[in-house]
There are 2 protein chains.
Amino acid sequence: MEVSDIVSRKEVAELAGVSEATVSRVLNATGPIKEDTRKRVLDVANQLGYVPSALARNFARSKSGHLGVVMPYVPKAHLFSAYFFSEMLSGIGNKARDSGLDLLLLFRKPGERIDYSSLFRQQRVDSCIILGAKDDHDEVEALRKLQEEGRPFCVMNHHFEGQSFCEVDADHVEGSRVAVSHLIEQGCKRIAFLNGPDIYSNSTERLKGYLIALQEADIEYDHELVLEGNYSRRSGLEASATILDKLDNIDAVFAANDRMALGVMQGLRERGLAVEQFPAFVGYDDSDAAEMAVPPLSSVRVPFYEMGELAASKLIPGSQDLIPALELTGSDPIRELLSTALIVRASSIRQ
Amino acid sequence: MEVSDIVSRKEVAELAGVSEATVSRVLNATGPIKEDTRKRVLDVANQLGYVPSALARNFARSKSGHLGVVMPYVPKAHLFSAYFFSEMLSGIGNKARDSGLDLLLLFRKPGERIDYSSLFRQQRVDSCIILGAKDDHDEVEALRKLQEEGRPFCVMNHHFEGQSFCEVDADHVEGSRVAVSHLIEQGCKRIAFLNGPDIYSNSTERLKGYLIALQEADIEYDHELVLEGNYSRRSGLEASATILDKLDNIDAVFAANDRMALGVMQGLRERGLAVEQFPAFVGYDDSDAAEMAVPPLSSVRVPFYEMGELAASKLIPGSQDLIPALELTGSDPIRELLSTALIVRASSIRQ
DNA sequence: TTGTAGGCGTTATCAA
DNA sequence: TTGATAACGCCTACAA
């Protein structure tokens, strides 16, 4: 058999002695069909190995049939290594697959600001999910335009303040608050906080949670205890120097993600600090690495996988969670906030 | 602006005072065009915000414009967590993006054996890359059929013995041999090998490398030292019991991937073994976790990212590495084997 | 250098 | 319950 043997609907129609329209009806299970005809057509189609062209179908329907997923550009590529992208993508992918939608992965180019609107006008996607968003003027404008045009899209794991985009996020204020409260319960009072850049709502929300926890415990906020990394292990490693310096004034470290937490641990270890002298540690994301760490790292679990499923379901035609029409009344009625959960391990247990 | 404002080529043609064909020629930079006309058309297109429909174009060309990537099904999803999928996908994605190809992610359904051939006949993809392949009768048959049909496809990180598929793989025999030789150089003689299931050529090749290294050093093979896990951390954890039992007869552990190596370490630790008493360790993949482990884990680095790029370039029209026509002469002329590299860290250094 | 017109394989609307 | 028959938006000979 060669590529050239493309069986078309026409041949099926002829051999089955019906019109092409009927073949379509049978294969799409649309419209009333006499059972007899149905069987005959199906038989012939089967026998001829006929498979409808998705390309033609989509074209005729003016639907690409694709759910686009915009991946952020990350220098040094190796993008997916980030635990949460992997998880979210899995969630999205499984949901899309179950709905017969194809997933189109859109890799952002280095400098280029993506033209979301064109993506739709080119009919490359019917809807799309934006991963790794961050506060950026061009980005917000592009998304606003998209919304004005009434395109279905969903931002994941980021909140654009003042906008009313469809967003699927986790409650990082609360996640953070619980983490820090836990450290306080363990007797810690001088809690260093290694946060990420504030272009991510993730970071600003974690800071909020941190502050709330301190306030609840009547602990005074000391801005010297707040460090900024960039969510990489390396930045954690670098922060470890500062932390070691202030170690007699720090009894716990809360990091905005596991990679940084592990980087700090690694740094302390490399600088000769014994595990017994470690401050208490809590990370964030509850990635696989947290469990394997020494000591096992307490961490805030985020339901990335479920967030992916939810985001996808908002963009799937006929779905329950489908985003409502575009009359966005007031604030942000379509922002979804999933809960996090603190997983306590040895790293944060005192005495 | 509303979704309904779809500017068609027709309008551009009218406003520019040319035929639709000319608009096409201008936008596709095909055929001779008077500079004057070109500019005028471009201006109008720009002004009207006209964007050609990729959907229609692909349809007219009978090309989907998509490079399909088949993702293996993994129970409990969380598929991408596996380091190497992430890396390979990044490589593929970047290459595809640079070539104007869209990446279609195809998630395998639980039990279902994927019908590769239909994928092409449906015109959902022009070519495809298969990730996470393993020895399986149905799978091989499906791929053979694909090859007979002359479809362009490429298998990654797996070798189908006796076939002549286009494959991009790493030299795991050599990677493994080097790793074990290194352990032997460190003075180890009783080297346990925690391998993965032999449905993966990865596993069987690593076993080969292990055997070669032993032979080169005149060390007798002891099948009791070879354990089988399933590449998960958990299976490493379980294997740690056996390893602890035989510890007076084992001075090193070579694991077929980092996750299992870390699982073994974790298990030993949980069972009370001090790091000083650990056997020497070497893992495989050189994932991020290896560097963060305690002790830092020696590991075999595999160029997954580059493998992804290479696989993609084999399927990109006009590419240098494009797979040759379908006259596959003899053995397997189109299998590519990239080199690995041993990264030595503290876990395998003796004395 | 440009216009004309047929074709791509469906879907979907109207009649019958 | 079925058959004709327009779209769908673009590409591409072929003609001019």
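Note that the coordinates shown come from a computational prediction; the quantities given were computed from them, not determined experimentally.
The side chain of A:Arg25 lies closest to D:dT2, out of C:dT10, D:dT2, D:dC10. Of the listed nucleotides (C:dT2, D:dG3, C:dG9), C:dG9 has the atom at the smallest distance from the side chain of A:Ala56. Considering only the side chain of A:Ala21, C:dA12 comes nearest among D:dA13, C:dC14, C:dA12. If you check C:dT2, D:dC8, C:dG7 against the side chain of B:Ala60, the one that comes closest is C:dG7. Nearest nucleotide to the side chain of B:Ile33, out of C:dT2, D:dC10, D:dT2: C:dT2.
Atoms CZ (A:Arg121) and P (D:dG9) sit 15 Å apart, rounded to a whole Å. A straight line from CG of A:Asp36 to P of D:dT2 spans 8 Å, rounded to a whole angstrom. As a whole-Å value, the separation of A:Asn58 CG from C:dA12 C1' is 15 Å. What separates CD of B:Glu14 from C1' of C:dG3 is a distance of 15 Å, to the nearest Å. Put simply, CZ on B:Arg9 is 12 Å from C1' on C:dG3, counting in whole angstrom units. Across the protein-nucleic acid pair, B:Leu27 atom CG and D:dT12 atom C1' stand 16 Å apart, rounded to whole Å. Counting to the nearest Å, the C1' atom of D:dT1 and the CD atom of A:Glu35 are 13 Å from each other. Rounding to whole angstrom units, CZ of residue B:Arg38 and P of C:dT1 are separated by 12 Å.
Considering only side-chain N and O atoms, B:Thr37 lies nowhere under 4.0 angstrom from the phosphate OP1 or OP2 of C:dT1. For D:dC10, the OP1/OP2 oxygens have a side-chain nitrogen or oxygen of B:Tyr50 closer than 4.0 Å. Distances shown here put a side-chain N or O of A:Ser19 below 4.0 Å from the OP1 or OP2 atom of D:dG3. The phosphate of C:dT10 has neither OP1 nor OP2 within less than 4.0 Å of any side-chain N or O from A:Ser24. For the pair B:Arg57 and D:dC11, the criterion of a side-chain N or O lying under 4.0 Å from OP1 or OP2 is met.
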Residues A:Glu309, A:Lys95; criterion salt bridge (charged side-chain N to carboxylate O under 4.0 Å, His left out); working and verdict: CA-CA 6 Å; A:Glu309 289 189 312; A:Lys95 200 72 179 185; 5.1 Å; no
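Between B:Arg61 and B:Glu20, it is B:Glu20 whose nearest contact on DNA chain C lies nearer the 5' terminus. Heavy-atom distances to DNA chain C give each of A:Phe59 and B:Val18 a nearest nucleotide, and the one nearer the 5′ end belongs to B:Val18.
The residue B:Thr30 sits apart from the nucleic acid: no heavy atom pair falls under 4.0 Å. As judged by a 4.0 angstrom heavy-atom cut-off over every strand, B:Asn28 is placed among residues touching the sugar-phosphate backbone only.
Ring planes of A:Phe165 and A:Phe160: perpendicular class, angle over 60° (limits at 30 and 60°).
Screening B:Met156, B:Arg335, B:Lys314 for a side-chain contact (heavy atoms from CB on, under 4.5 Å) with B:Cys166, the sole residue that qualifies is B:Lys314. Of the options B:Leu146, B:Asp115, B:Asp126, a side-chain contact (heavy atoms from CB on, under 4.5 Å) to B:Phe120 is made by B:Leu146 and by none of the others.
Of all the heavy atoms in A:Leu315 and A:Cys128, the pair that sits closest is CD1-O, 3.5 Å. The two residues A:Phe107 and B:Asn94 make their nearest non-hydrogen contact at CD2-OD1, 4.0 Å.
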